[in-house]
Amino acid sequence: MDTRFLGIAELSATPSVAVVVDVMRAYTVAAWAFARGAEKIVLAGSLDEALALKGRHPDWVALKDGAPAPGFDAVNSPGQLRSRDLGGRTVVQKTTAGTVGALAVKDAPLVLCAGFVVAEATARLLRERGGGDVTFVVTGEDGRADEDLACAQYIARRAAGEAVDAAPYLRRAGNSRAAAELAEGVREGAHPDDVALCLELDRFPFAMVATQEDSLMALRPYTAP
């Protein structure tokens, strides 16, 4: 498997397989939404688009980064989302980096969205696909976010079939700038448990696959048969 690790701005061509990584917190939140019963997650390109989708579909759950805001039902926090009942609901998600990264590779034949909570399921899907080029999109800090790079590197090694000690990768993520900002309350809309929840390795048994549905990018859980 030939792997590349790129920031969003470094994407110059449509990859054959893209793994979009946002550990803190977009794709930890997405995984929790599915665990709480969400049917699908629509990835919005802007706050206005998210609100417009919510306006057309009042039963959808609109979610954003930062502090609560009018028109939105939730914030991008796994600690806050884990207690919500989302059974059968569609979630509209707009975040600073994670959703941007997925939309940047929307034309790729296979787009996976990942964090540590779905690392092994994501690696397993890549192994099942077998070989080829895989582009890991490191979404945070213009491609320099160490929590996202650590997760991407860990998944890449597991996808290659290596036996890997996850501890150093989780430690890097726990020592990252994003983790510090969440722990110190610098980022609005955070819960005290957010960092710990983002570092739960393989908390969920599914991967998350994004596809285009009716001109929208929709994320759904995938469990290997």
Side-chain angles (χ1 to χ4, degrees), residues 8 11 14-23 25-65 71-78 81-82 84-115 117-119 121-126 128-129 134-140 148 151-152 155 203-225:
I8 297 170
L11 295 164
T14 300
S16 55
V17 176
V19 181
V20 186
V21 181
D22 189 323
V23 172
R25 295 164 285 172
Y27 295 129
T28 301
V29 167
W32 269 101
F34 290 130
R36 298 301 299 158
E39 179 182 347
K40 69 177 179 180
I41 298 173
V42 173
L43 306 177
S46 67
L47 294 175
D48 287 343
E49 181 185 1
L51 288 173
L53 288 167
K54 171 71 176 180
R56 292 199 296 273
H57 306 278
D59 59 321
W60 287 12
V61 177
L63 182 155
K64 65 177 282 295
D65 264 342
F72 287 89
D73 306 290
V75 295
N76 191 47
S77 161
L81 197 71
R82 62 182 168 175
R84 295 194 64 146
D85 179 6
L86 298 174
R89 306 287 292 278
T90 292
V91 174
V92 180
Q93 186 180 33
K94 169 65 180 89
T95 71
T96 305
T99 57
V100 176
L103 291 169
V105 292
K106 65 181 181 180
D107 293 324
L110 177 61
V111 179
L112 308 179
C113 296
V117 292
V118 294
T122 303
R124 184 166 59 247
L125 196 158
L126 292 172
E128 290 171 357
R129 178 184 170 273
V134 179
T135 297
F136 287 86
V137 183
V138 179
T139 60
D148 294 339
C151 183
I155 293 173
R203 176 67 175 79
F204 304 112
F206 51 80
M208 298 187 292
V209 180
T211 57
Q212 295 189 60
E213 301 180 13
D214 300 324
S215 77
L216 297 173
M217 195 70 167
L219 189 62
R220 294 180 184 270
Y222 171 84
T223 304

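We count residues from 1, following the sequence as given.
- Here the closest non-hydrogen pair linking Y27 and A114 is CB-O, 3.6 Å.
- For R82, the side chain to side chain donor-acceptor pair (under 3.5 Å) criterion is met by D193, not counting sequence neighbours.
- For the pair V138/V21, no side-chain contact is recorded, criterion being any heavy-atom separation below 4.5 Å from C-beta on.
- Look at D73 and R84 and you find no salt bridge, because none of the NZ, NE, NH1 or NH2 atoms lies under 4.0 Å from a carboxylate O.
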- Message: Test side chain to side chain contact (heavy atoms under 4.5 Å, CB included) on V100 and K94; report intermediate values, then the result.
- Response: CA-CA 8 Å; V100 176; K94 169 65 180 89; 4.1 Å; yes

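- Among residues at least two apart or in separate chains, salt bridge (Lys or Arg N to Asp or Glu O under 4.0 Å) pairs with a member in residues 205-214 are K40-E213, E213-R220.
- Across all non-hydrogen atoms, the minimal contact from L219 to A30 is CD2-CB, 3.9 Å.
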- Message: I'd like to know whether L81 forms a side chain to side chain contact (heavy atoms under 4.5 Å, CB included) with L86, so could you lay out the CA-CA distance, the side-chain angles of the two residues, the decisive distance to 0.1 Å, and finally the verdict.
- Response: CA-CA 9 Å; L81 197 71; L86 298 174; 4.2 Å; yes

- Message: Set out, in order, the CA-CA distance, both residues' side-chain angles and the distance that settles side chain to side chain contact (heavy atoms under 4.5 Å, CB included) for T211 and V111, then state yes or no.
- Response: CA-CA 7 Å; T211 57; V111 179; over 6 Å; no

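- The two residues A210 and C113 have their closest heavy-atom pair at CB-SG, 4.4 Å.
- Shortest non-hydrogen contact noted between G101 and V20 is C-CG1, 3.8 Å.
- T135 is not listed as a side-chain neighbour of V105, based on a closest heavy-atom distance of 4.5 Å or more.
- In this structure, the side chain to side chain donor-acceptor pair (under 3.5 Å) partners of Q212, at least two apart in sequence or on a different chain, are D107.
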